[in-house]
**Student:** 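Okay, handing you the structure first.
Within every chain, numbering begins at 1; the chains are lettered A, B, ... in the order of the sequence lines, protein sequences first and strands thereafter.
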Protein chains: 2
Amino acid sequence: MKYNIIIVDDHKMFLDGLLSILSNEIDYNILLTAKNGEQIIKYLDINKEEKVDLIITDISMPEMDGITLNTLVKEHNRNIKTLVVSMHSDPDRIDTLIENNVDGYVPKNAEKQELLKAIKSILKGEKYFSKEIKDIYLENKLSNKRKEEIKLTKREIDVITLIALEHTTQEIADKLFLSKHTVESYRKNLMTKLNVRNIAGLTKYALKMNYIEH
Amino acid sequence: MKYNIIIVDDHKMFLDGLLSILSNEIDYNILLTAKNGEQIIKYLDINKEEKVDLIITDISMPEMDGITLNTLVKEHNRNIKTLVVSMHSDPDRIDTLIENNVDGYVPKNAEKQELLKAIKSILKGEKYFSKEIKDIYLENKLSNKRKEEIKLTKREIDVITLIALEHTTQEIADKLFLSKHTVESYRKNLMTKLNVRNIAGLTKYALKMNYIEH
DNA sequence: TATGAACTCCCTGTTTTCAGGGATGTATTT
DNA sequence: AAATACATCCCTGAAAACAGGGAGTTCATA
């Protein structure tokens, strides 16, 4: 019995690459490829009876990213394994994924052999994380003994995003249908929370967090 | 006689993918793969007599990026073609590449077929740019009719840097031993020159130009 | 049911930024 | 000799941001 695998990546060329790597492996049957998580969720929804063993996914994709996809899959289909293959190694994302029970994480600059090893381990029921990823995860956990309790609320993120996009308080208020006082409160809270002095600091944070494009 | 191709990409998995796509094409011989431009330049330097027809390269790589690589190759080996395959579609980079006579540009989310088409065209001596890339290039050219003559003076850079570091006008004046009026003039000129509305815009520019750390 | 978190709105007063001018001196280049 | 680029400084008035308060609502959860 072959293992059924789904691959999700918005870079078709990479997808093709993965496909040709995996198609040399007789144990693996590529059920489906897609360029975002939404398509997968729909597919799983419709084909409930189909056996899916593994979903290999990128993180940054349009419509639905790999993190959301992983969360949804793990919530509803506990028997489907997930392997993230990503270019970025952002501590927070790694953290979120691990907390959401992802089965593996391999950076895109890994060797083909490592990818195959990861897939094999995961299909056996083990977890597989590249050394690089484990290091980042641990380093993050150790250095951030509860320091990183900076969590912005949805509304705060709305506001800081618009600030970084060069909008004034009044404009933001209009856009979000809020009083300008409210927006001012958010700005103030943001500055306190993030320990910055002014809009320059807020803008840098928004960029760092990828709230706006670089 | 086969075409000799070199592939440069720091994402090994992507590299493997490209390799397996191209290895199905009997006309192509993959001479070498590398994960940054430096390795290629060294290789070309040592193997001057070797026929190299095409270099396929990513843009963002450690050590030496694809833009520098293209420039160097075009300066020294006019007969080597270059094809950029990149995830990003930044107008400025596209512009620089085209000015430096790159032979093609295909985004990483292109179909395998398009990549092969691009390679074939380029080897025939034509240029190949994906529609997406052409659009970005044109859009940029049309909107930026000579706009890109933005050159900041030393003093302007001093000021914008300190602004992005969250200093007020008065603080900057003190630091640079200037009157606060002077600093205000600089800030104003900066905003006009860079076509931004406020400190958020200035900060983003300073980050983009690497005046301050990311 | 009480607590807390998130969201919303308001006030006062000060400081800074923004928008729009203008001006002088010193180089360098044409 | 004139034009240009750069650096420096000044002014006014309006708009926005900053600082430091308070306070009501809803909603989930302990």
Side-chain angles (χ1 to χ4, degrees), chain A residues 71 75 92 95-96 99-100 144 146-209 211-212, chain B residues 146-209 211-212:
Chain A
T71 309
E75 268 173 14
D92 289 342
D95 204 70
T96 308
E99 267 170 29
N100 283 298
N144 292 12
R146 87 171 45 91
K147 171 198 98 184
E148 275 300 345
E149 272 152 32
I150 301 175
K151 280 272 147 57
L152 299 192
T153 68
K154 196 176 151 304
R155 227 37 178 161
E156 285 171 340
I157 291 174
D158 288 345
V159 171
I160 197 174
T161 302
L162 290 168
I163 288 174
L165 289 173
E166 300 174 49
H167 294 293
T168 66
T169 297
Q170 187 59 62
E171 287 169 354
I172 296 169
D174 292 346
K175 246 181 224 289
L176 300 180
F177 303 104
L178 296 173
S179 142
K180 75 170 183 175
H181 301 293
T182 310
V183 177
E184 269 172 15
S185 294
Y186 283 126
R187 184 160 34 69
K188 212 172 0 173
N189 285 340
L190 281 164
M191 290 197 290
T192 307
K193 264 192 182 181
L194 304 177
N195 196 32
V196 300
R197 300 182 67 191
N198 57 26
I199 284 182
L202 295 177
T203 304
K204 286 188 282 181
Y205 187 85
L207 278 166
K208 193 168 73 177
M209 293 295 110
Y211 295 147
I212 65 170
Chain B
R146 88 169 47 90
K147 175 198 97 182
E148 277 300 346
E149 275 150 31
I150 300 176
K151 279 273 147 58
L152 299 193
T153 68
K154 197 179 151 298
R155 230 31 179 166
E156 284 171 339
I157 292 174
D158 289 345
V159 171
I160 197 176
T161 303
L162 290 168
I163 288 174
L165 289 173
E166 299 175 51
H167 294 292
T168 66
T169 296
Q170 186 59 62
E171 288 169 353
I172 296 169
D174 292 346
K175 248 183 224 287
L176 299 180
F177 302 106
L178 296 172
S179 143
K180 75 170 184 176
H181 301 293
T182 309
V183 178
E184 268 172 14
S185 294
Y186 283 127
R187 183 158 35 68
K188 211 175 356 175
N189 285 339
L190 281 164
M191 288 197 292
T192 307
K193 265 191 180 180
L194 303 177
N195 196 32
V196 300
R197 300 181 67 191
N198 57 27
I199 284 183
L202 295 178
T203 304
K204 286 188 281 182
Y205 187 85
L207 278 166
K208 193 167 75 176
M209 292 294 112
Y211 296 147
I212 65 170

**Student:** Roughly how far, to the nearest 0.5 Å, is the OG1 atom of A:T203 from the CD atom of B:E166?
**Tutor:**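 Here the rounded value is 9.0 Å.
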**Student:** With B:T169 as reference, evaluate B:R187, B:E184, B:H181 under the side-chain hydrogen bond (donor to acceptor under 3.5 Å, both in side chains) test and give the passing residue.
**Tutor:**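 Output: one option passes, namely B:R187.
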**Student:** Atom NE2 of B:H167 and atom C1' of C:dT15: how far apart are they, to the nearest Å?
**Tutor:**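 Distance, rounded to whole Å: 17 Å.
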**Student:** Would you say that A:L178 contacts A:R155 through its side chain, given a criterion of any heavy-atom pair below 4.5 Å between the two side chains?
**Tutor:**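 Yes, at least one pair of side-chain atoms sits under 4.5 Å.
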**Student:** Starting at CG of B:L207, measure out to CG of B:L202 and round the result to the nearest 0.5 Å.
**Tutor:**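 One gets 11.5 Å once the value is rounded to the nearest 0.5 Å.
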**Student:** Testing the basics here: between B:L162 and B:K175, what is the closest heavy-atom pair and its distance to 0.1 Å?
**Tutor:**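 The answer is CD2-CD, 3.8 Å.
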**Student:** Closest nucleotide of DNA chain D for B:E156 versus for B:K188: which of these residues is on the 5' side?
**Tutor:**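 Nearest-nucleotide comparison on DNA chain D picks B:E156.
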**Student:** Enter the distance from B:N189:CG to B:T153:OG1 here, rounded to the nearest 0.5 Å.
**Tutor:**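 Here the rounded value is 8.5 Å.
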**Student:** Does any part of the side chain of A:K204, heavy atoms only, come nearer than 4.5 Å to the side chain of A:V196, both counted from C-beta?
**Tutor:**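 Sidechains of A:K204 and A:V196: no contact.
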**Student:** Give one of base, sugar-phosphate or nothing for A:T153, where a contact means two heavy atoms less than 4.0 Å apart.
**Tutor:**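 Here A:T153 touches the backbone only, sparing every base.
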**Student:** Under 3.5 Å, is there a donor-acceptor pair between the side chain of A:K180 and the main chain of A:I172?
**Tutor:**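 No; zero donor-acceptor contacts below 3.5 Å.
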**Student:** Taking all non-hydrogen atoms of both residues into account, name the closest pair between B:T168 and A:R197 and its distance.
**Tutor:**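 Minimum heavy-atom separation between B:T168 and A:R197: CG2-NH2, 4.4 Å.
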**Student:** Nearest 0.5 Å, what's the CE-CD1 distance between B:M191 and B:I199?
**Tutor:**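 Result: 8.0 Å between the selected atoms.
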**Student:** Please classify the nucleic acid contact of B:K154 as base, sugar-phosphate, or nothing, using heavy-atom distances under 4.0 Å.
**Tutor:**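 Counting heavy atoms under 4.0 Å across all strands, the contact made by B:K154 is with sugar-phosphate only.
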**Student:** To the nearest angstrom, how far is A:E166 atom CD from C:dA19 atom P?
**Tutor:**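 So the two atoms are 11 Å apart, to the nearest Å.
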**Student:** CZ of A:R187 versus P of C:dT16: gap in Å, rounded?
**Tutor:**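 Interatomic distance, CZ of A:R187 to P of C:dT16: 15 Å.
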**Student:** Mind listing the closest non-hydrogen atom pair of A:A164 and A:A206 along with its distance?
**Tutor:**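 Heavy atoms only, the tightest pair is CB-CB, 3.6 Å.
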**Student:** Which atoms of nucleotides 24-30 of chain C (N or O only) lie under 3.5 Å from a protein N or O atom, and what are those distances?
**Tutor:**
none

**Student:** Does C:dA6 have OP1 or OP2 sitting under 4.0 Å from an N or O in the side chain of A:Y186?
**Tutor:**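 For C:dA6, neither OP1 nor OP2 has a side-chain N or O of A:Y186 closer than 4.0 Å.
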**Student:** What's the CZ-P distance between A:R197 and C:dT15, to the nearest Å?
**Tutor:**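 The distance from CZ of A:R197 to P of C:dT15 comes to 14 Å, rounded to the nearest Å.
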**Student:** Tell me what B:S179 touches on the nucleic acid: a base, only sugar-phosphate, or nothing, going by heavy atoms under 4.0 Å.
**Tutor:**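 The answer is sugar-phosphate, as B:S179 gets under 4.0 Å only of primed atoms, P, OP1 or OP2.
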**Student:** Using the side-chain contact (heavy atoms from CB on, under 4.5 Å) rule, pick out the option among A:I163, A:I160, A:N195 that qualifies with A:Y205.
**Tutor:**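 For A:Y205, the side-chain contact (heavy atoms from CB on, under 4.5 Å) test succeeds with only one of A:I163, A:I160, A:N195, which is A:I160.
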**Student:** Give the rounded distance in Å between these two atoms: CG of A:L152 and P of C:dA5.
**Tutor:**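 My rounded result for the distance is 15 Å.
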**Student:** Pick the nucleotide of DNA chain C nearest each of B:Q170 and A:E184; which residue has the one closer to the 5' end?
**Tutor:**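 Counting from the 5' end, the first nearest nucleotide belongs to A:E184.
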**Student:** Just the rounded figure in Å: distance from C1' of C:dC7 to CZ of A:F177.
**Tutor:**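 In whole Å, C:dC7 C1' and A:F177 CZ are 17 Å from each other.
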**Student:** Anything under 4.0 Å to a heavy atom of chain B counts; send over the first and last such nucleotide of DNA chain D, read 5' to 3'.
**Tutor:**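 Nucleotide range with atoms under 4.0 Å of chain B: D:dC6 to D:dC11.
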**Student:** Nearest-Å distance, NE2 (B:H181) to P (C:dG21)?
**Tutor:**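 After rounding, the reported distance stands at 19 Å.
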**Student:** Provide, to the nearest angstrom, the distance between the CD1 atom belonging to B:I199 and the P atom belonging to C:dT16.
**Tutor:**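 So the CD1-P distance, B:I199 to C:dT16, works out to 11 Å.
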**Student:** Using heavy-atom distances to pick each residue's nearest nucleotide on DNA chain C, tell me which of B:N198 and A:K180 is more 5'.
**Tutor:**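 Looking at DNA chain C, the more 5' nearest nucleotide goes with A:K180.
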**Student:** Give me the bend of the helix from C:dT1-D:dA30 to C:dT30-D:dA1, using the axes of the five pairs at each end, rounded to 10°.
**Tutor:**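 Comparing the axis at each end, I get an angle of 40°.
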